[in-house]
2 protein chains.
Amino acid sequence: MLKYQQIAADIEQEIVDKDLQQGDKLPVLDAFMAQFDVSKSTITKALDLLEKKGIVYQVRGSGIFVRRHKRRGYISLLSNQGFKKELDGFQITSEVLALDIRRPTAEAARNLAVNPEESVYYVKRVRYINGQTLCIEESYYNKSVVSYLNNEIVSESIFNYISDALGLNIGFSDLYFNVGKINKKEAELLRLPDASPGLFMEQIFHLTNGQPFDFSKITYNYEQSQFFIQANNYFL
Amino acid sequence: MLKYQQIAADIEQEIVDKDLQQGDKLPVLDAFMAQFDVSKSTITKALDLLEKKGIVYQVRGSGIFVRRHKRRGYISLLSNQGFKKELDGFQITSEVLALDIRRPTAEAARNLAVNPEESVYYVKRVRYINGQTLCIEESYYNKSVVSYLNNEIVSESIFNYISDALGLNIGFSDLYFNVGKINKKEAELLRLPDASPGLFMEQIFHLTNGQPFDFSKITYNYEQSQFFIQANNYFL
DNA sequence: TTATTTAATTGTTACGGTACAATATAAAAT
DNA sequence: ATTTTATATTGTACCGTAACAATTAAATAA
């Protein structure tokens with residue numbers, strides 16, 4: 001792990017350990033320089049990382065402060081790690097409805113930037129949280145990136161598999177969503193009345209080199225869906 | 001405007017002018033250094049800014065590439081400028097239903113970090129896009145930041161007023177949302193059937209010094225609401 | 001041709017330094 | 001007391017340098 005990453009992790013851990021709240025002041029730059037025995041620019045880089053992650057904000061002439069933590073139970077749309085096994089203490093489980101290799105839809109081929117003739121992995125899952133249905137998820141994986149998948153990998157975290165087993169780095173994702181009424185099939189899987197409200201999301205994940213490898217369409221149970229985003233103002 | 005901001009703006013403009021697409025390669029760092037006659041770290045800073053904004057991504061050993069533009073008609077949740085007058089060519093207008101000074105709700109007081117006894121500005125608006133209802137918006141403004149508001153300011157952009165007239169800098173915002181069914185009142189204002197799907201959003205805007213100044217609750221017309229987010233993977 | 005190794009390209013980390021701008025604090029003036 | 005002015009604090013911009021790591025391209029070997 002690089003110096004600035006380690007320092008960022010240490011500072012973040014300290015915020016948790018000391019249970020610092022929104023607006024609480026952290027030590028000044030010079031203090032961090034002394035504490036970690038690195039140059040000013042390395043500290044600055046660590047703090048910029050924490051700022052991007054929404055952990056702190058910096059005010060020139062004043063100091064470095066803790067930013068608001070998200071409310072409990074909300075899904076952060078910027079963490080970009082797919083689903084984890086847990087969310088604020090709630091267990092997340094998943095049931096695999098389909099796992100096969102097939103021709104992508106035109107839409108999937110476009111978003112994965114693959115030839116429509118070239119077959120891809122297709123996975124359909126239902127996820128549960130706290131005993132309730134959370135969402136239905138249909139994912140297409142670029143086979144030239146994710147060359148092998150099985151039931152075990154899919155029911156665990158695919159993202160961990162890609163990072164750890166394949167040694168690939170997930171870089172960024174684009175996310176589109178809108179709201180509508182779910183259809184009969186979706187209603188059945190989500191155990192909701194037909195035409196209930198639903199959140200429809202499309203997400204395209206890319207490696208750090210820009211290659212898209214995962215195109216997912218997710219339909220959320222509106223009763224279980226609470227989301228969180230932190231935005232920064234990067235105006236020019 | 002600072003050097004690195006100007007350079008970022010220039011590069012962004014060039015991407016637009018040359019109509020560069022996802023994956024297209026930009027000149028290398030050394031070329032930018034020569035073009036703008038600045039040091040490497042200034043170019044890096046400009047590119048990091050463009051990366052945060054989701055305009056480009058950088059790959060070590062390979063180059064700097066254009067990132068996907070959002071699809072047309074989607075509202076970007078990270079731009080953080082409130083509503084503009086226009087979205088992808090569609091006119092956005094707004095009708096002011098209420099504008100007064102009152103005691104904040106407990107919720108508003110908490111989110112604005114003001115004393116519940118201390119009165120705040122309250123604004124209720126309906127926004128329209130392309131002749132359709134877009135959303136209902138109830139906003140609370142901290143009076144110690146936004147000391148004066150009138151009908152004209154409110155029906156134009158409050159954010160421009162805060163930036164330009166008051167000389168304040170908007171720093172970051174926290175955004176929460178969930179999906180549900182709209183009630184009778186909301187249905188009427190949005191010109192939708194009762195119990196239609198709706199997206200319910202809460203957003204808290206902060207100045208660069210961390211002070212919250214705007215707490216807004218927005219109910220979106222599900223037929224007009226398409227959203228876009230770009231996420232980056234800042235893992236430690 | 002295909003695979004492997006080597007070299008060149010290209011962005012990233014980390015250092016050091018100087019000057020500066022925004023804020024906060026202390027001192028002085030009203 | 002209140003406002004104004006000076007001073008100290010604190011993060012930001014920009015420069016330059018060196019070494020490094022990931023990728024790509026070229027050269028070599030199988």
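Protein chains get the first letters and strands the later ones, always in sequence-line order, with residue 1 at the start of each. Predicted, not measured: the structure shown is a model, and the values here were computed from it.
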By the 4.0 Å heavy-atom rule, please label B:I64 as base, sugar-phosphate, or nothing.
sugar-phosphate
Side-chain donor-acceptor contact under 3.5 Å, A:N111 with A:E107:
no
Side chain to side chain, A:F215 and A:F205, heavy atoms closer than 4.5 Å:
no
Do A:D24 and A:Q22 pair up side chain to side chain, a donor and an acceptor below 3.5 Å, judged on atom types alone?
no
Can you identify which nucleotide, out of C:dT12, D:dT23, D:dC14, has its nearest atom closest to the B:Y4 side chain?
D:dC14
So, is A:K3 near the phosphate of C:dC15, with a side-chain N or O under 4.0 Å from OP1 or OP2?
yes
What's the CZ-P distance between B:F32 and C:dT9, to the nearest Å?
19 Å
With the side chain defined as heavy atoms from C-beta on, A:R60 is closest, among D:dT10, D:dA21, D:dC14, to D:dT10
Spacing of B:Q5 atom CD relative to C:dA21 atom P, expressed in whole Å
14 Å
Between CG of B:L29 and P of D:dT23 the distance, given in whole Å, is 16 Å
Can you tell me if the side-chain N/O atoms of B:T42 get under 4.0 Å from OP1 or OP2 in D:dC15?
yes
For B:L49 and D:dC14, give me the distance from atom CG to atom C1', rounded to whole Å.
15 Å
From NZ of B:K45 across to P of C:dT13 the rounded distance in Å is 15 Å
For B:Q230 and B:N232, which I'm curious about, is there any donor-acceptor pair between the side chains at under 3.5 Å?
no
Does the structure place the NZ or CZ of A:R71 under 6.0 Å from the centre of the six-membered ring of B:Y176, at an angle of no more than 45° from the ring's axis?
yes
With the threshold set at 4.0 Å, does a side-chain nitrogen-carboxylate oxygen contact exist between B:R127 and B:E137?
yes
Taking only N and O in the side chain of B:S62, is any of them less than 4.0 Å away from OP1 or OP2 of D:dT23?
no
Could you pick out which residue, A:V38 or B:K25, lies toward the 5' side of DNA chain C when each is mapped onto its nearest nucleotide?
B:K25
Interatomic distance, A:D37 CG vs C:dG16 P [rounded to whole Å]:
9 Å
It should be established whether A:Q58 places a side-chain nitrogen or oxygen under 4.0 Å from OP1 or OP2 of nucleotide D:dT10.
no
Degree of bending in the helix from C:dT1-D:dA30 to C:dT30-D:dA1 once both end axes are built from five pairs, to 10°
20°
Closer than 4.0 Å, any side-chain N/O of B:K40 to the OP1 or OP2 of D:dC15?
no
Taking atom P of D:dG11 as reference, at what distance in whole Å does atom CG of A:L26 sit?
10 Å
Using only heavy-atom distances, determine whether the side chains of A:Q203 and A:D214 contain a donor-acceptor pair under 3.5 Å.
no
Establish, for the pair B:R67 and B:Y57, whether the NZ or CZ atom is under 6.0 angstrom from the six-membered ring centre and no further than 45 degrees off its axis.
no
Just to confirm, is there a sub-4.0 Å distance from OP1 or OP2 of D:dC14 to any side-chain nitrogen or oxygen of B:S41?
no
Using a 4.0 Å heavy-atom cut-off across all strands, classify A:L2 as base, sugar-phosphate, or nothing.
sugar-phosphate
To the nearest angstrom, how far is A:L50 atom CG from D:dG11 atom C1'?
15 Å
